[in-house]
Amino acid sequence: LIWVDGRMNIGEPPFTLIMTHGLQQLAGWRRKCGKIRRRGAGECEDVASQIDKRVSIMANNMLKEFGKILHLALDRKVTLHRKLMMYLLCLILAALGILLLLLTAIGGPLKAEPQIAQAMESQLHTTYDKVSEEMETYTGYSLQLSRELERDIEDFLDEKGMSVSDLNDRPELLLEIQKMMYSELNTTIRLGRSSGVFALVNATINTQIPEADQSRCGVYLRLINVSSNVILSPETILFRGNTEIARENGLELHNRWNMELNTEGLLGYQELEAGLGQSEAGYYWISRMNLKNTWEDVILLLVPMYTDTGEFLGACGIELNAVHFSLEYPATASSYGSVVTVIAPVENGNLRLDQGMAGNTEGTWLGNAESLSIIEKNAYYSTYRSSKCDYYGIQMPLEIPGSSGQEWAVAVLIPRESCDQYILRNKAAIMGVILGFVLIMIALAWLLSKKFVRPILQGFQDIRDGQQ
């Protein structure tokens with residue numbers, strides 16, 4: 001039964017009745033307005049005020065009727081079957097929520113490890129491509145440099161009718177060779193984007209000095225300012241070589257300048273001199289070493305040089321500076337902690353970081369002078385242990401030849417502590433959401449039982465009381 005404007009209507013949609021009644025009244029007022037046009041202004045004002053009153057009354061009546069309709073819709077009866085189904089559904093959902101809560105608490109279906117591994121794999125592939133491209137660039141320029149120098153030195157020796165060993169104690173001839181070297185080295189350092197290039201001939205200016213066996217004549221050019229940006233016209237400095245080279249080309253001398261290169265840190269050079277250590281690839285990377293009398297560490301690419309007859313001429317190569325690597329590969333911020341890039345030799349499954357290089361280690365305790373051992377592996381990543389803390393990480397073999405067959409790898413590492421904190425926060429947030437859902441379902445079940453189950457039980461109790 002719907003009451004509209006004091007009249008009872010049966011079986012009609014309430015909104016239709018309200019709108020129909022309203023339209024009828026408006027039509028009547030419109031007819032009145034047509035008559036008003038033919039009357040005077042004073043009478044028009046009286047009729048207009050009457051119309052305003054009627055419109056206000058109609059609006060109030062419509063709001064009242066709408067409120068009645070809304071109350072009836074909300075207070076309509078729900079069948080017993082629907083109440084029972086809603087009650088059972090709330091109980092089932094609460095039980096499922098409790099089960100999911102228990103599974104999450106013991107590390108069940110909602111693990112954070114796959115997301116962490118996916119983030120590390122994405123970073124590793126990006127880093128691997130970048131490192132491989134840089135290494136290949138250095139290798140290409142080094143091989144080109146070696147071919148040019150081999151040809152120039154061999155032509156020079158043929159012209160003089162000499163062998164390499166005849167250059168010992170001949171500073172004037174060695175200076176001519178250094179000038180040839182500087183021309184090629186200067187081109188390489190400007191095109192190759194490296195922090196330093198070097199070349200040496202297997203001879204020394206003075207064979208009488210105590211360290212003559214490890215001293216070799218050559219030229220070593222380095223950048224004055226090492227950065228990760230490409231500089232079109234970098235400023236260079238003479239680290240090793242004759243001062244005449246610096247004077248003729250307007251170069252400054254390094255504050256740790258020396259006349260000749262010391263081969264003590266060039267792993268495998270003595271074997272190359274003896275004809276025993278030639279690499280199958282024709283070149284190899286030397287693990288991290290400290291430049292003598294400086295605070296700088298470098299990784300060197302060494303390319304041996306030979307004559308057409310197989311005589312060992314010397315070597316040349318490019319340096320990968322630790323400062324450059326740190327700037328080129330900054331620590332990447334993530335939700336799990338700082339992601340650090342590492343390239344290092346692999347020995348017995350351990351990452352020899354003391355022989356490799358790490359990118360920027362901001363936000364971590366990772367040091368450069370330690371070895372990272374793998375203490376645990378799971379389906380997603382490995383756990384590495386250092387002297388100060390543990391790290392989660394994954395690694396990939398780096399296809400570069402190392403000295404004495406050494407294998408290299410690229411790895412990305414995240415501090416275990418920050419990663420575990422993220423996992424705990426993630427688990428706590430998920431458990432909080434599930435717990436809230438369970439409580440809501442239990443509350444709804446309680447409300448339904450109060451309105452539905454309890455009256456039924458009370459009815460059963462009344463029946464038993466009546467029978468007694």
Side-chain angles (χ1 to χ4, degrees), residues 116-117 119-135 137-138 193-196 223 226-229 265 267 285-291 294-301 318-334 336-375 381-400 402-403 406-419:
I116 296 174
M120 286 195 293
E121 287 178 359
S122 176
Q123 180 68 23
L124 177 62
H125 287 296
T126 302
T127 303
Y128 180 85
D129 293 340
K130 186 176 180 180
V131 171
S132 297
E133 181 181 359
E134 187 171 8
M135 295 294 193
T137 300
Y138 290 162
R193 297 172 53 187
S194 66
S195 56
L223 295 183
V226 177
S227 70
S228 61
N229 298 323
L267 298 179
W285 287 86
I286 299 174
S287 55
R288 193 180 75 194
M289 57 176 285
N290 176 259
L291 290 178
T294 72
W295 55 268
E296 296 182 74
D297 291 340
V298 295
I299 293 175
L300 297 179
L301 171 60
I318 285 179
E319 77 167 38
L320 176 57
N321 189 280
V323 175
H324 168 81
F325 191 85
S326 176
L327 295 173
E328 188 76 13
Y329 300 92
T332 305
S334 70
Y336 323 111
S338 297
V339 184
V340 180
T341 299
V342 169
I343 62 168
V346 180
E347 291 184 5
N348 301 321
N350 299 330
L351 279 176
R352 295 296 305 271
L353 189 54
D354 55 329
Q355 298 180 14
M357 285 189 176
N360 191 302
T361 58
E362 183 179 359
T364 72
W365 294 96
L366 189 63
N368 290 329
E370 55 186 327
S371 177
L372 300 177
S373 58
I374 298 178
I375 60 173
Y381 44 73
S382 302
T383 303
Y384 298 80
R385 173 153 294 172
S386 68
S387 58
K388 295 182 179 179
C389 62
D390 295 345
Y391 298 86
Y392 293 138
I394 53 178
Q395 66 186 55
M396 184 182 297
L398 187 60
E399 301 298 329
I400 61 172
S403 59
Q406 207 171 37
E407 296 180 353
W408 287 69
V410 180
V412 291
L413 306 172
I414 301 177
R416 180 175 182 174
E417 182 180 1
S418 62
C419 224

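By convention here, the first residue in the shown sequence is residue 1.
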- Query: Taking it one step at a time, do Thr383 and Ile374 satisfy side chain to side chain contact (heavy atoms under 4.5 Å, CB included)?
  - Reply: CA-CA 6 Å; Thr383 303; Ile374 298 178; over 6 Å; no

- What do the steps show when you test Val346 against Leu351 for side chain to side chain contact (heavy atoms under 4.5 Å, CB included), and what is the final call? CA-CA 5 Å; Val346 180; Leu351 279 176; 4.0 Å; yes

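Using a 4.5 Å heavy-atom cutoff, the side chains of Thr137 and Arg193 are not in contact. In this structure the side chain of Thr127 never reaches within 4.5 angstrom of the side chain of Ile343, judged on heavy atoms. The side-chain heavy atoms of Val298 and Leu291, taken from C-beta on, include a pair separated by under 4.5 Å. Inter-residue side-chain proximity for Ser371 and Leu353 is flagged as unmet; no heavy-atom pair is nearer than 4.5 Å. Residues Glu134 and His324 are in side-chain contact: their nearest non-hydrogen atoms beyond the backbone lie under 4.5 Å apart. Under the 4.5 Å side-chain criterion, counting only non-hydrogen atoms from C-beta, Ile299 is not in contact with Ile286. The shortest side-chain heavy-atom distance between Asp297 and Met289 does not fall under the 4.5 Å cut-off. When side chains are defined from C-beta on, Pro397 does not count as touching Glu407, because their heavy atoms never get closer than 4.5 Å.
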For residues 408-418, which side-chain donor-acceptor pairs fall under 3.5 Å, sequence neighbours excluded?
from: Arg416; atom 1: NE; to: Tyr392; atom 2: OH; distance (Å): 3.1
from: Arg416; atom 1: NH1; to: Asp390; atom 2: OD2; distance (Å): 3.4
from: Ser418; atom 1: OG; to: Tyr336; atom 2: O; distance (Å): 2.9
from: Ser418; atom 1: OG; to: Pro415; atom 2: O; distance (Å): 3.1

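Under a 3.5 Å cut-off, the side chain of Ser338 and the backbone N or O of Glu362 do form a donor-acceptor pair. In this structure, Asn348 contributes its side chain and Asn350 its backbone to no donor-acceptor pair below 3.5 Å. Side chain of Lys130 to backbone of His125: no donor-acceptor contact under 3.5 angstrom is found. A distance-only check finds a donor-acceptor pair linking the side chain of Arg288 to the backbone of Asp354 [under 3.5 Å]. Within the 3.5 Å criterion, the main-chain N or O of Tyr128 finds a donor-acceptor partner in the side chain of Ser132.
Pairs engaging residues 336-350 under the salt bridge (charged side-chain N to carboxylate O under 4.0 Å, His left out) rule: Glu347-Arg352 [sequence neighbours left out].
Scanning for ring-ring contact (aromatic ring centres under 6.0 Å, His included) contacts around Tyr329 gives Phe325, with sequence neighbours left out. Scored by the ring-ring contact (aromatic ring centres under 6.0 Å, His included) test, Tyr391 finds no partners at all (sequence neighbours excluded). Qualifying salt bridge (charged side-chain N to carboxylate O under 4.0 Å, His left out) partners for Lys388, counting only residues two or more places apart in sequence or in other chains: none. Residues that satisfy the salt bridge (charged side-chain N to carboxylate O under 4.0 Å, His left out) test with Glu296, not counting sequence neighbours, are Arg222.
Here the OG atom belonging to Ser386 is positioned 9.5 Å from the CD1 atom belonging to Ile375, to the nearest 0.5 angstrom. For the atom pair CG of Leu372 and OG of Ser382, the computed distance is 11.5 Å after rounding to the nearest 0.5 Å. A distance of 10.5 Å separates CG of Leu301 from OH of Tyr138, quoted to the nearest 0.5 Å. With values rounded to the nearest 0.5 angstrom, Ser195 atom OG is found 6.5 Å from Leu320 atom CG. Note: Gln355 CD to Leu267 CG = 8.5 Å, rounded to the nearest 0.5 Å.
In summary, the side chains of Gln395 and Tyr384 do present a donor paired with an acceptor at a separation below 3.5 Å, with no hydrogens or angles considered.
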